[in-house]
Protein chains: 2
Amino acid sequence: MATDSATRGAHTRTRLLDAAVQLIVEEGWGAVTTRKMADRAGVRAGVVHYHFGTVTDLLVDAALDALRRELMAALGVLREARDASAGIADLLAVLQGYSPEDPATVLMSETLLASTRIERLRSELSGLMRELRGAMADWLRARDSVPDPEATAAVLGAALDGLVLHCLLDPELRTTSLAGPLTRLTGTEETPDDTDRDGTR
Amino acid sequence: MATDSATRGAHTRTRLLDAAVQLIVEEGWGAVTTRKMADRAGVRAGVVHYHFGTVTDLLVDAALDALRRELMAALGVLREARDASAGIADLLAVLQGYSPEDPATVLMSETLLASTRIERLRSELSGLMRELRGAMADWLRARDSVPDPEATAAVLGAALDGLVLHCLLDPELRTTSLAGPLTRLTGTEETPDDTDRDGTR
DNA sequence: GTTCGTATTGGGCGAATGACCAAACGGTAG
DNA sequence: CTACCGTTTGGTCATTCGCCCAATACGAAC
């Protein structure tokens, strides 16, 4: 029953990673400190510098791990949709359904900004995003005859990212139906969604 | 020639505001400190708390002032364009022409994130963005027959915002032609821009 | 020239920070 | 039982933080 010391170490390691993600979201990348993470993970401050050489190392690992999981899940939502407009509507519903301080998006934005100043983070996150963009382009290509899948995927991804950020700022935006313009982005006609109120020409 | 003490005070006040904006961009909102701002402004640390009660107050004032100027300038670029696709192309050209660490955009993102945790910043920035969105919707309404101006303006603004964030991460994205999908967003046909390489259906 | 008010100086406070380390702990293997 | 090793403890280190304040500089008003 007693836990192996190695597995126990792995456990506190993941607890530290979780604590780091929570704190990045709650207080911002720059405000996360050794002691806050240690407190939340229920360990002493010294443990942080045992498992991770530096606070920055811990933050980078934590953010990348969490974002990889989150982005792959979002991709899964897209994949199981019937066509482009349905997929976008589904994704929008998920995003707009988030609470005011949606953890995933704040984490994404915080990490994006931090990557401006941490090279390892920038390169790894850049690779992750490129992978995601490629998958989204493939998805667009397969389902419908979207004109320029690569560029469309880039704009679509950026739009969704920016949209949640703007919704964070102005909750009223959340109630507007945005599916129309977004599906128009894909160049496909058809707006079968319920939340759609405009004629879309 | 000797300056009035009141105008001298106003001068160092704006120098502090400028220093704050620079430091937010360079090191991130959370890493800006009293002494760094004072150093860059060429004054002693005590001055900061003479002109501004709190470091946060200084940061909020500085970010809002700078963003107001920047966003209004961007709106001017839009206004003097002939039609929707031309305006979007112009704006994209400006954004993609920025250097890797474009001050205006990083500032925007930093402020957006900080507004999650500072209520005064959130409400004022939210008002500013709503004003901008309204102006963009008016512009869309006047130039072309865009289906749903309000929602389209929201998505367009978010897309541009998110796009620059993504370009920050992956400079290679900057070289892709994104005007096609973006103009498609407006529902108008016509892609007269030079950097356009796709058939757009 | 004296007074007055704003602007600025320079020092200092307690608290918090990142980093580091010697010692103790607790299973596992010999 | 003993030796070993990954893990954790509890603390120290120099540094930096936001904020405060008494003293000073200096042009304007009298």
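Below, read A as the first sequence line, B as the second, and so on, with proteins coming before strands; counting in each chain starts at 1. Note that this is a predicted model, so its numbers are computed, not measured. Below, each value reflects all heavy atoms present in this structure, side chains not excepted, and no hydrogens, waters or symmetry copies.
Here C:dC20 presents its P atom at 15 Å from CG of A:L58, a figure rounded to the nearest Å. The distance between atom NE2 of A:H51 and atom P of D:dC5, rounded to the nearest whole Å, is 18 Å. Note: CZ (B:R13) to P (C:dT8) measures 12 Å, nearest angstrom. Atom CG of A:L23 is separated from atom P of C:dT17 by 11 Å (rounded to the nearest Å). Atom CZ of B:R44 is separated from atom P of C:dG10 by 4 Å (rounded to the nearest Å). A:F52 places its CZ atom 18 Å from the C1' atom of C:dC20, with the value rounded to the nearest Å. Protein atom CD of A:E27 is 13 Å distant from nucleotide atom P of C:dA16, rounded to whole Å. To the nearest angstrom, P of C:dA16 lies 17 Å from CE of A:M37.
Legend: side-chain hydrogen bond (donor to acceptor under 3.5 Å, both in side chains) pairs involving residues 153-171 of chain A, not counting sequence neighbours, sorted by first then second residue: A:D161-B:H166, A:H166-B:D161, A:D170-B:R130, A:D170-B:R133. A salt bridge (charged side-chain N to carboxylate O under 4.0 Å, His left out) check over residues 104-117 of chain B, counting only residues at least two apart or in different chains, returns the pairs A:E110-B:R117, A:R117-B:E110. Note on residues 28-38 of chain B: pairs passing salt bridge (charged side-chain N to carboxylate O under 4.0 Å, His left out), not counting sequence neighbours, are B:E27-B:K36.
Proximity of B:Y50 to the phosphate of C:dA7: a side-chain N or O atom is located under 4.0 Å from OP1 or OP2. Dashed line: the shortest gap from a side-chain N or O of B:T12 to OP1 or OP2 of C:dT8 is under 4.0 Å. For C:dA7, neither phosphate oxygen OP1 nor OP2 lies less than 4.0 angstrom from any side-chain nitrogen or oxygen of B:H11.
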Give every donor-acceptor pair under 3.5 Å between a side-chain atom in residues 57-68 of chain A and any protein atom, sequence neighbours left out.
from, atom 1, to, atom 2, distance (Å)
A:D61, OD1, A:R120, NH1, 3.4
A:D61, OD1, A:R120, NH2, 3.2

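In this view, A:R40 and A:Q22, A:E26 satisfy the side-chain hydrogen bond (donor to acceptor under 3.5 Å, both in side chains) rule, not counting sequence neighbours.
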Along nucleotides 17-24 of chain D, 5' to 3', which nucleotides get a B, which get an S, and which get a -, given that the test is a protein heavy-atom distance under 4.0 Å?
BBB-----

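You'll find the side chain of A:V155 stays beyond 4.5 Å of the side chain of A:T152, heavy atoms only. Contact check for B:L125 versus B:L128: side-chain heavy atoms found under the 4.5 Å cut-off.
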